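Worksheet: the structure to be examined is printed underneath.
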Amino acid sequence: MLKRTCYSDNMKDGKEVVLTGWVHERRDLGGIKFILLRDREGIAQITAPKKKVSEEIFKSMDSLGREWIIAVKGDVKSSPQAPGGLEVIPTEIEVISMAEPSLPLDPSEKVDADIDTRLDNRFLDIRKPRVTAIFKIRSDVLTAAREYLLSQAFVEIQTPKISASGTEGGTELFPISYFEREAFLAQSPQLYKQIMMATGMDRVFEIAHYFRAEESNTRRHLSESDAIDIEMAFIENEEEIMYILENLVSHILKYVSENRKKELDLLGVDISPLPKSFRRVTYDQAISFLQEAGFNVRHGEDLGTESEKALGNIVKEKYGDDLYFLTKYPLSTKPFYTNFDGNVARAFDLDYKGVEISSGGQRIHNVDILKTKIKEKGLSVSSFEAYLKTFRFGMPPHGGFGLGIDRLIMQMLNLENIREGVLFPHDRRRLEP
Ligand code: 4AD
Ligand code: MG
């Protein structure tokens, strides 16, 4: 097999190269034949003028089908009309793998496909340069997140994904049979990352996998999703957590905008301006904004999808901000571990263009108060024994957040559906691929 010498975006005029990739398109103008060859970095034009290539090569180009994998050896020449201003005059073409002629999805995007067809044929869908771009950006989101958190003395950890109890409320739990007992897939690393605060490792983060049995089929919920979870100790209030979160998100956006210009252009996305500090909107303010705009929202309830979206538009109009914190929620809307001042939760959400991308706050670190709150939520104290024990032998004040990676990518890239930014999204209806 011919060995690739470079990707399509790294060719130099006058050099001999070997490219490997997929047949994106074929054109035959009689005296000259073209192949558009696609690899992960772009598309290269293979140009075969009858007079300049061997008869064998000229003929063999007719037999190639769409999406066949080939290796092409040839000479790079400048050509103003070709993508990237370069073309390859082939001296050798090797077929590496053939594709059946009737494709269930067209990776060259000449034919549109709905989201279900795309996901049913995800391996073909990801061949589209715009879809590949999303996953290159996603990789950079994680690189940037690690870079920032490590710079702030956070230590990366991994915690179990099978757990004995739920953490974020009971209804979204996936029960599994665990030998003779019932267990659950982890909704978040919440309890484990808090336990870590009792170990002395006072700043930790996890790129975590969440499992949630979301009943309804929405454009922003999945059964499995990923998040950047952090927990940090010796804090005085939730503002210290918000400071880390806004700097983390700013760093991610800056990193992506600097390193992925080509991909952002392909997606038609501009992620500037990049604010360093995000606006704070209190829950009370949010409710008044919505009521003024004629929305039927009641004080004391969590914001629904529609009000969240409307609030996004209002904040954008009033202040020009895409990213803003919602603070001072009523305690009743937040999970049992949330610290509080009276009826107000010491917790926040971060919204991006009208969609919640993160929740966090300061936690309760007094074991007696924690037990009371567990009971008040109708949960059983006995199922949290292993967690509660760690609060009895020296637990510092602490807090943290979970930042949904899939949501962040959806909002950053203006994707219509969260599924577009996830390789193999699973939801109530979809378990395959
Ligand atoms: O708001 P959530 O449920 O908060 C927690 O899990 C807390 N333990 C976080 C903390 O440290 N206090 O989830 C955090 C984020 C959400 O804001 C959302 O971005 C994402 O995780 N998320 C989901 N994304 C897609 N599909 C789902 N079903 C999601 N559930 C949560
Ligand atoms: Mg939340």
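Order of listing sets the numbers, starting from 1, for every ligand and every atom in it. Remember, it's a predicted structure, so these values are computed and weren't measured experimentally. Sequential numbering from 1 along the given sequence is applied to the chain's residues.
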Does the Lys NZ or Arg CZ of [X] fall within the cation-pi geometry relative to [Y] - under 6.0 Å from the ring centre and within 45° of the axis?
X: Lys161; Y: Phe211; result: no
X: Lys373; Y: Phe340; result: yes
X: Arg279; Y: Tyr324; result: no

Contact residues of ligand 1 (heavy atom under 4.0 Å), by chain and number: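 Its neighbours under 4.0 Å (heavy atoms only) are Glu168, Ser188, Gln190, Lys193, Tyr210, Arg212, Glu214, Arg220, His221, Leu222, Ser225, Tyr337, Glu356, Ile357, Ser358, Ser359, Gly360, Arg363, Gly400, Phe401, Gly402, Gly404, Arg407, Ile418, given by chain and number.
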[X] with [Y]: basic N within carboxylate O range, under 4.0 Å:
X: Glu94; Y: Lys73; result: no
X: Glu109; Y: Arg130; result: yes
X: Glu308; Y: Lys353; result: no

Any N, O or S atom of Ser359 closer than 2.8 Å to the Mg ion (ligand 2):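 Under 2.8 Å: Ser359 contacts the Mg ion (ligand 2) through an N, O or S atom.
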N/O/S from Glu356 sitting under 2.8 Å away from the Mg ion (ligand 2):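 Here the distance criterion (N, O or S atom, under 2.8 Å) is met by Glu356, so yes.
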More than 12 heavy atoms of other groups within 6.0 Å of Asp114 CG: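 Check passes, neighbour count above 12.
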